[in-house]
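Counting convention: from 1, in listed order, for ligands and their atoms alike. Just so you know, these numbers use all the heavy atoms, side chains as well, and skip hydrogens, waters and symmetry mates.
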Amino acid sequence: MEKRAELYRGKAKSVYATDDADRLVLLFRNDTSAFDGKKVEQLERKGAVNNKFNAFIMEKLEAAGVPTQFDRLLSDTECLVKKLEMIPVECVVRNYTAGSLVRRLGIEEGRELVPPTFELFLKNDALGDPFINESHVISFGWANAEQLARMKALSVKVNEVLSALFSDAGLLLVDFKLEFGLFHGEIVLGDEFSPDGCRLWDKETRKKMDKDRFRQGLGDVIEAYEEVAVRLGVPL
Ligand code: TMP
Ligand code: ASP
């Protein structure tokens with residue numbers, strides 16, 4: 001496999017073509033952004049931690065029957081993935097209230113949601129990733145009804161698998177964001193799963209162990225990511 005030209009530079013990852021038209025290289029950078037790219041900093045070791053964290057989680061999901069984009073680790077900061085045609089919609093599952101839900105509905109943080117909620121956002125930084133509903137996805141053609149149903153079912157499955165995994169490590173999976181794409185017509189989980197795109201709280205103390213430490217200026221961001229990785233048994 002040969003890495004070729006950079007195709008796309010995101011806020012935290014860069015995407016490269018390869019000599020295989022069906023495969024891409026993802027490079028996890030140290031860049032850390034919040035508030036739709038308005039706050040950006042370099043955090044030492046983040047690229048490597050998130051690359052290895054993502055590999056560990058994607059392999060667990062694949063083993064549980066969730067089709068993922070992930071193929072294999074290539075280096076500390078790179079992995080090989082299937083080339084998906086991305087659906088520009090973010091799927092968010094919440095087990096506890098936090099973040100934009102708290103602001104939108106004016107409720108307190110940390111209330112358990114039974115059953116978990118499923119929300120959709122349009123992936124568009126310029127518009128601040130606006131909240132959308134299922135009819136928008138279908139009417140604007142971002143996905144059809146069958147694809148959307150599959151995205152929702154897979155999001156629920158991911159929640160079941162990962163809530164149990166994090167719980168065994170003494171962590172609450174508060175919420176998370178997934179992105180899906182099409183690989184030869186099949187809905188496949190894309191992007192990444194790391195503490196950049198989810199909320200994790202210590203079960204006992206409710207200490208925040210995810211990107212909220214960066215968003216809220218709490219400090220020790222990567223130290224928290226590394227502690228989560230160690231608790232899960234992710235080889236760093
Ligand atoms: P929110 O509370 O800001 O809507 O975020 C819900 C979850 O989704 C949280 O774990 C952070 C994650 N997320 C991202 O990773 N990227 C995004 O662009 C957004 C809006 C949320
Ligand atoms: N990843 C998004 C950004 O950089 C949103 C966030 O995580 O707060 O702006």
Between Asp125 and ligand 2, is there a nitrogen or oxygen pair with a distance under 3.5 Å?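 Among all N and O atoms of Asp125, none is under 3.5 Å from an N or O of ligand 2.
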For ligand 2, which is the ligand I care about here, please tell me if Asp196 has any N or O atom under 3.5 Å from one of the ligand's N or O atoms.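 In fact, backbone or side chain, Asp196 has no N or O that close.
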Check each of [options] against [atom] and report the one with the nearest heavy atom.
atom                    : options                     : result
atom 15 (O) of ligand 1 : Cys91, Ala12, Gly197        : Gly197
atom 3 (C) of ligand 2  : Gly99, Ala12, Ser33, Cys198 : Ser33
atom 21 (C) of ligand 1 : Glu119, Lys177, Arg103      : Lys177

Should you measure from each heavy atom of Asp36, which atoms of ligand 2 turn up under 4.0 Å away?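 Answer, ordered by atom number: 3 (C), 9 (O).
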Nearest to [atom], what protein heavy atom do you find, and at what distance?
atom                    : value
atom 18 (O) of ligand 1 : Asp129 OD2, 2.9 Å
atom 19 (C) of ligand 1 : Glu90 OE1, 3.5 Å
atom 8 (O) of ligand 2  : Arg215 NE, 2.9 Å
atom 7 (C) of ligand 1  : Asp175 OD1, 3.6 Å
atom 2 (C) of ligand 2  : Lys11 NZ, 3.9 Å

In one Ile/Leu/Val/Met/Phe/Trp/Tyr side-chain cluster, 4.5 Å: Ile132, Met151: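 Yes, same cluster.
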Counting only heavy atoms, which portion of [X] has something under 4.0 Å from ligand 1: side chain, backbone, both, or neither?
X      : answer
Asp196 : backbone
Lys123 : neither
Arg215 : side chain

What I want to find out is whether [X] reaches [Y] closely enough, with some N-O distance under 4.0 Å, to be called a salt bridge.
X      : Y      : value
Asp31  : Lys46  : no
Lys208 : Glu109 : yes
Glu223 : Arg213 : no

Please could you name the atoms of ligand 1 that [X] approaches to less than 4.0 Å, counting only its heavy atoms?
X      : result
Val92  : 6 (C), 8 (O)
Cys198 : 10 (O)
Ser100 : 1 (P), 2 (O), 3 (O), 4 (O)
Gly99  : 2 (O)

side-chain contact (heavy atoms from CB on, under 4.5 Å) evaluation trace for Arg23 with Asp71: CA-CA 9 Å; Arg23 293 290 182 281; Asp71 269 358; 2.4 Å; yes
Among Phe53, Phe56, Phe176, Phe70, which one satisfies ring-ring contact (aromatic ring centres under 6.0 Å, His included) with Phe193?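 Going through the options one by one, the only one that passes is Phe176.
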Distance under 6.0 Å and angle within 45° of ring axis: Lys83 vs Phe183: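 Ring-cation test returns no.
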Looking at Tyr96, I'd like to know if the NZ or CZ of Arg199 sits under 6.0 Å from its six-membered ring centre while staying within 45 degrees of the ring's axis.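 No, Arg199 and Tyr96 do not form such a contact.
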Starting from the C-alpha separation in whole Å, work towards a yes-or-no answer on salt bridge (charged side-chain N to carboxylate O under 4.0 Å, His left out) for Lys38 and Asp125. CA-CA 10 Å; Lys38 289 193 218 39; Asp125 277 341; over 6 Å; no
Any nitrogen or oxygen of Arg199, main chain or side chain, under 3.5 Å from a nitrogen or oxygen of ligand 1?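 Looking only at distances, the answer is yes, because the N/O contact criterion of under 3.5 Å is met.
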Please answer whether the main-chain N or O of Ser33 pairs with a side-chain N or O of Lys211 as donor and acceptor at a distance below 3.5 Å.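 Indeed, once roles are kept as given, a pair shorter than 3.5 Å links the two residues.
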Against Tyr225, only a single residue in Asp196, Asp220, Asp210 fulfils side chain to side chain donor-acceptor pair (under 3.5 Å); can you say which?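 The residue from Asp196, Asp220, Asp210 that satisfies side chain to side chain donor-acceptor pair (under 3.5 Å) with Tyr225 turns out to be Asp196.
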Counting only heavy atoms closer than 4.0 Å, does ligand 2 sit against the backbone of Lys211, its side chain, both, or neither?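 The answer is the side chain of Lys211.
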Could you pull out all residues at least two apart from Lys3 that satisfy side chain to side chain donor-acceptor pair (under 3.5 Å)?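 Here the qualifying residues are Glu78.
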